[in-house]
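Reviewing the structure listed below.
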There are 2 protein chains.
Amino acid sequence: MSLLEQLIDAFRILPGVGQKSAQRMAYHVLERERAGGRRLSEALASAVERIGNCERCRDFSETGVCATCASASRDVHQLCAVESPADRLAIEQATGYRGLYFVLQGRLSPLDGIGPRELGLDRLAERLAEGEVQELIIATNPTVEGEATAHYLAQLARKHGVRPSRPTHGVPLGGELEYVDRGTLSHAFGSRSEMPG
Amino acid sequence: MSLLEQLIDAFRILPGVGQKSAQRMAYHVLERERAGGRRLSEALASAVERIGNCERCRDFSETGVCATCASASRDVHQLCAVESPADRLAIEQATGYRGLYFVLQGRLSPLDGIGPRELGLDRLAERLAEGEVQELIIATNPTVEGEATAHYLAQLARKHGVRPSRPTHGVPLGGELEYVDRGTLSHAFGSRSEMPG
């Protein structure tokens with residue numbers, strides 16, 4: 001395979017990129033963005049090599065504990081559980097939330113072998129048992145599996161005397177949190193309601 | 001800027017990739033495609049470093065003369081002029097063309113300072129003067145600038161006793177060759193007509 005074919009092939013690992021888009025990307029870089037291509041190559045190598053997971057919240061982090069968890073200015077009484085780093089980022093960018101996060105890196109899905117252990121819920125339980133957290137904001141996606149995960153997390157929270165809540169208004173059913181517009185997400189996050197037992 | 005932010009930023013050099021898509025790409029690579037990300041990084045570095053232009057046809061090539069120009073099985077009597085390497089690839093994949101190519105790497109655009117010299121037309125003239133080429137297939141895009149370029153190339157061909165032709169049927173006016181479906185492009189290429197003086 002020529003270098004050009006290898007490059008086109010390699011671009012296809014990206015989400016939503018098929019043969020035509022991959023060709024277009026490869027030609028664009030070679031025709032007009034060689035410096036940018038070099039920069040992307042280096043950023044990819046560094047990121048893949050050096051970005052791991054935060055020991056506290058499981059979000060992506062270059063350091064053992066991420067900047068948010070290490071920050072002295074966040075409210076340690078609120079903890080927000082999300083499915084993915086992208087969901088965490090969406091909430092951070094759209095809302096004024098100043099508490100901490102816990103990134104599940106997935107959702108409960110017994111058929112796929114994803115149970116509480118795979119989502120680090122033992123670590124979350126320890127965290128809730130420490131007594132600092134007063135509210136667990138459960139911001140899993142409003143899908144079947146996301147709702148099941150939310151239900152499980154709410155029970156876990158109550159077991160440790162922590163109040164579970166869930167963003168409500170405006171998040172469309174069956175949608176993905178990551179793609180909700182900022183205004184809707186901000187409203188839903190602000191008007192969250194306590195979960196009924 | 002964190003490594004993650006640098007990666008998201010670097011993805012934005014790609015065509016059609018905005019902030020949201022760039023985030024999605026970065027998270028996708030980190031969550032599910034680390035090996036693929038490493039491969040893309042290496043492919044990009046090699047391509048940017050080692051892919052230059054063929055001395056004969058100006059197409060992208062890792063070697064001084066590209067594989068097509070060096071091939072003994074191509075018909076040296078036909079030469080096809082295209083605007084970009086992507087157009088060349090589209091024709092090569094869609095049609096049964098067995099002649100050679102000349103890649104302009106652009107189109108005549110005096111206002112942008114792109115004249116005959118920038119398109120390597122001095123080299124094309126030498127090539128036509130050699131006497132081997134009998135037909136110049138002018139497959140520039142059916143846009144205003146592409147048509148003007150075609151007109152110029154047709155005159156150049158006639159000056160050297162070479163018959164100019166142009167793919168006709170089916171290529172939609174104002175469209176881009178690169179995006180025409182294979183069937184239409186193949187038909188247009190096959191039914192090309194001689195250009196009137």
Side-chain angles (χ1 to χ4, degrees), chain A residues 1-17 19-53 59-63 66-67 84-87 89-90 93 105-106 178-179, chain B residues 1-17 19-53 59-63 66-67 84-87 89-90 93 105-106 178-179:
Chain A
M1 238 186 353
S2 74
L3 288 176
L4 182 60
E5 287 164 340
Q6 285 175 36
L7 180 59
I8 292 170
D9 194 59
F11 270 125
R12 298 195 55 181
I13 63 149
L14 299 176
V17 175
Q19 180 66 18
K20 270 274 175 183
S21 304
Q23 277 176 19
R24 191 163 163 72
M25 287 174 173
Y27 283 125
H28 180 82
V29 167
L30 289 171
E31 282 171 30
R32 282 185 288 273
E33 276 286 6
R34 296 212 175 208
R38 206 169 284 119
R39 192 158 57 86
L40 176 55
S41 167
E42 286 160 10
L44 263 172
S46 302
V48 164
E49 196 62 48
R50 290 165 46 196
I51 295 180
N53 294 100
D59 190 16
F60 290 134
S61 176
E62 299 164 45
T63 48
C66 75
S84 75
D87 293 337
L89 184 67
Q93 289 179 339
Q105 301 280 8
E178 186 182 344
Y179 292 103
Chain B
M1 236 183 358
S2 73
L3 288 177
L4 181 60
E5 286 165 340
Q6 286 175 36
L7 179 59
I8 292 170
D9 194 60
F11 270 125
R12 298 194 55 181
I13 63 149
L14 299 176
V17 175
Q19 181 66 17
K20 270 274 175 184
S21 304
Q23 277 176 19
R24 189 162 165 73
M25 287 174 173
Y27 283 124
H28 180 82
V29 167
L30 289 171
E31 283 171 30
R32 282 185 287 273
E33 276 286 7
R34 294 211 176 208
R38 205 169 286 121
R39 192 157 58 87
L40 177 54
S41 166
E42 285 159 11
L44 264 172
S46 301
V48 164
E49 198 60 47
R50 290 165 45 197
I51 295 180
N53 295 99
D59 190 14
F60 291 133
S61 176
E62 299 164 45
T63 47
C66 75
S84 74
D87 293 337
L89 184 67
Q93 289 179 339
Q105 301 280 7
E178 186 182 344
Y179 292 103

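Every chain is numbered from 1 and lettered A, B, ... according to where its sequence line falls, protein lines coming before strand lines. These values consider heavy atoms only, across backbone and side chains, with no hydrogens, waters or symmetry-generated copies.
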At a heavy-atom separation under 4.5 Å, does [X] approach chain B through its side chain, its backbone, both, or neither?
X: A/Gln93; result: side chain
X: A/Phe11; result: both
X: A/Glu31; result: both

Count the heavy-atom pairs under 4.5 Å between each of [options] and chain A, then report the option with the highest count.
options: B/Ala45, B/Gly36, B/Ala86, B/Ala47; value: B/Ala86
options: B/Ala43, B/Pro85, B/Ala90; value: B/Pro85
options: B/Ser41, B/Gly37, B/Ser21; value: B/Ser41

Atom [atom1] in [X], atom [atom2] in [Y]: separation rounded to 0.5 Å?
X: A/Glu5; Y: A/Ile8; atom1: CD; atom2: CD1; answer: 7.0 Å
X: B/Leu3; Y: A/Leu44; atom1: CG; atom2: CG; answer: 11.5 Å
X: B/Gln6; Y: B/Met1; atom1: CD; atom2: CE; answer: 5.0 Å

Hey, does the side chain of B/Arg34 reach the backbone of B/Leu30 with a donor-acceptor pair shorter than 3.5 angstrom?
yes

Polar side-chain atom of A/Glu49 near backbone of A/Ser46 as donor-acceptor pair, under 3.5 Å:
no

Would you say that B/Arg39 contacts A/Asp9 through its side chain, given a criterion of any heavy-atom pair below 4.5 Å between the two side chains?
yes

Option in [options] with maximal non-hydrogen atom pairs under 4.5 Å from chain B:
options: A/Arg38, A/Arg24, A/Arg12, A/Glu42; answer: A/Arg24
options: A/Gln23, A/Arg50, A/Glu62, A/Lys20; answer: A/Glu62
options: A/His28, A/Gln105, A/Arg32; answer: A/His28
options: A/Pro15, A/Ser2, A/Ala26, A/Gly16; answer: A/Pro15
options: A/Val29, A/Leu4, A/Leu89; answer: A/Leu89

What do the steps show when you test A/Ile51 against B/Leu7 for side chain to side chain contact (heavy atoms under 4.5 Å, CB included), and what is the final call?
CA-CA 11 Å; A/Ile51 295 180; B/Leu7 179 59; 5.8 Å; no

If you look at every heavy atom in A/Cys66 and A/Thr63, which pair is closest and at what distance?
CA-OG1, 4.2 Å

